[in-house]
Amino acid sequence: MTEETPGFDEKPDVPSGATPEDAEPQAASPSSEEAAAPAGDASQIAGLVAQLDQVRTALNERTADVQRLQAEYQNYRRRVDRDRAAVKEVAIANLLTELLPVLDDIGRAREHGELVGGFKSVAESTETVAAKLGLQQFGKEGEPFDPTIHEALMHSYAPDVTETTCVAILQPGYRIGERTIRPARVAVAEPQPGVQAAKAEGTEESGGSDDKESGGPDEG
């Protein structure tokens with residue numbers, strides 16, 4: 001039997017000509033899975049970026065849809081408010097149109113001095129309510145005739161007018177804002193043709209006499 005010497009460590013066989021470092025185990029080289037890991041991470045990041053772009057695109061589309069719906073709703077509200085105001089104005093105009101004969105009676109009673117007592121109070125209240133609803137009366141004697149707001153029921157000639165003029169208001173006109181619900185019914189007078197011609201001739205004659213008095217133009 002061979003006796004083992006205590007404290008003697010066996011060393012691996014080292015080929016001749018090799019250094020002791022060659023005998024040490026070499027570090028393991030990276031595996032193929034570890035080498036492929038960075039490439040997998042890059043593709044995953046690219047996929048996430050693509051998904052993020054898709055989400056942003058979808059978000060922009062939904063935002064545009066919401067903005068378009070909001071604009072349509074605002075236009076709808078403005079249209080409804082405009083239609084409601086128009087319907088209200090038409091309803092008030094129809095009501096006041098039916099009330100015009102009553103206002104005419106009140107006006108005639110006032111002209112004849114019959115607007116007294118309780119009837120006067122009721123009449124004034126009626127006129128106040130009509131004014132609050134926007135009713136405005138127009139038409140005065142002496143104003144020029146305007147066919148857009150006046151209705152001529154009588155016609156005459158007068159020497160003291162220079163244009164077609166309202167000389168009498170038979171029925172006052174009424175309007176609501178810019179809308180005329182009844183034209184003023186008037187009697188009109190026009191200038192007399194002979195008077196206008198005479199005035200024109202007189203003006204020419206006066207001008208000629210001035211020339212004569214001044215000696216007229218110098219003769220060459």
Side-chain angles (χ1 to χ4, degrees), residues 63-200 202-203:
T63 301
D65 292 340
V66 171
Q67 291 175 348
R68 183 169 55 255
L69 290 174
Q70 185 176 7
E72 292 177 356
Y73 176 69
Q74 293 296 335
N75 292 333
Y76 167 76
R77 285 192 59 184
R78 285 193 290 267
R79 186 166 58 253
V80 169
D81 292 341
R82 184 173 59 251
D83 294 343
R84 184 183 295 113
V87 170
K88 180 180 178 181
E89 182 178 351
V90 170
I92 293 175
N94 292 336
L95 171 63
L96 293 177
T97 301
E98 297 295 329
L99 193 62
L100 293 185
V102 178
L103 297 177
D104 291 337
D105 292 338
I106 293 174
R108 284 190 290 267
R110 181 179 287 110
E111 291 176 359
H112 293 84
E114 298 176 357
L115 200 63
V116 295
F119 179 54
K120 179 179 179 181
S121 177
V122 173
E124 292 177 349
S125 298
T126 303
E127 292 176 335
T128 301
V129 171
K132 286 183 178 180
L133 292 175
L135 185 66
Q136 298 176 354
Q137 180 178 318
F138 65 90
K140 295 181 179 180
E141 295 182 4
E143 64 185 6
F145 175 74
D146 184 353
T148 62
I149 60 174
H150 296 140
E151 180 181 354
L153 300 182
M154 298 178 64
H155 177 270
S156 63
Y157 292 97
D160 57 344
V161 297
T162 58
E163 59 180 342
T164 305
T165 305
C166 300
V167 294
I169 306 299
L170 307 179
Q171 274 188 336
Y174 290 96
R175 66 165 62 97
I176 300 176
E178 299 298 328
R179 178 180 180 181
T180 301
I181 62 176
R182 191 183 76 181
R185 293 164 181 170
V186 300
V188 299
E190 291 183 351
Q192 290 183 353
V195 174
Q196 290 296 105
K199 288 183 179 180
T203 302

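Quick note: residue numbers are just sequence positions, from 1.
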Query raised in the report: Looking at Ala184 and Gly139, what are the two nearest heavy atoms and their distance?
Result: CB-CA, 4.3 Å
Requested in this report: Could you please spell out the steps behind the side chain to side chain contact (heavy atoms under 4.5 Å, CB included) verdict for Arg84 and Val87?
Outcome: CA-CA 5 Å; Arg84 184 183 295 113; Val87 170; 5.8 Å; no
Query raised in the report: Could you give the distance from CD (Glu124) to CZ (Arg110), rounded to the nearest 0.5 Å?
Result: 6.5 Å
**Report entry** Student check: side-chain heavy atoms of Glu89 and Ile92 closer than 4.5 Å
**Finding:** no
Report summary line: Looking only at heavy atoms, the pair that brings Glu163 and Pro191 closest together is N-CG, 3.6 Å
Query raised in the report: Is Tyr73 close to Leu69 at the side-chain level, that is, under 4.5 Å between some pair of heavy atoms?
Result: no
Requested in this report: Determine, for Asp81 against Arg78, whether the closest basic-nitrogen to carboxylate-oxygen distance falls under 4.0 angstrom.
Outcome: no
Query - Validation row: Tyr174, Leu96 side chains within 4.5 angstrom (heavy atoms) - result: no
Requested in this report: Starting at CG of Leu100, measure out to CD of Gln137 and round the result to the nearest 0.5 Å.
Outcome: 10.0 Å
Report summary line: Between Phe138 and Pro183, the two heavy atoms sitting closest are CZ-CA, 4.3 Å
Report task. Enter the distance from Leu170:CG to Glu151:CD here, rounded to the nearest 0.5 Å. Result -> 9.5 Å
Requested in this report: Working to the nearest 0.5 Å, report the span between CD of Glu190 and OG1 of Thr164.
Outcome: 4.0 Å
Query raised in the report: Nearest 0.5 Å, what's the CD1-OG1 distance between Ile176 and Thr97?
Result: 6.5 Å
Query - N-O pairing of Arg182 and Asp104 below 4.0 Å - result: yes
Query raised in the report: In chain order, what residues pass the ring pair (Phe, Tyr, Trp, His ring centres under 6.0 Å) check against Tyr157, with sequence neighbours excluded?
Result: His155
Query raised in the report: If you count the non-hydrogen atoms of other residues, nucleotides and ligands that lie under 6.0 Å from CD in Gln70, is the total more than 12?
Result: no
Requested in this report: Would you please test Leu135 and Ile181 for side chain to side chain contact (heavy atoms under 4.5 Å, CB included) and show each step?
Outcome: CA-CA 9 Å; Leu135 185 66; Ile181 62 176; 3.6 Å; yes
Query raised in the report: Could you give the distance from CD1 (Ile169) to NE2 (His150), rounded to the nearest 0.5 Å?
Result: 6.0 Å
Report task. State which residues pass side chain to side chain donor-acceptor pair (under 3.5 Å) with Arg175; sequence neighbours excluded, sorted by chain then number. Result -> none
Query - Which atom of Ala158 lies closest to which atom of Ala189, heavy atoms considered - result: CB-CB, 4.0 Å
Query raised in the report: Are side-chain heavy atoms of Val129 and Leu99 found at a separation under 4.5 Å?
Result: no
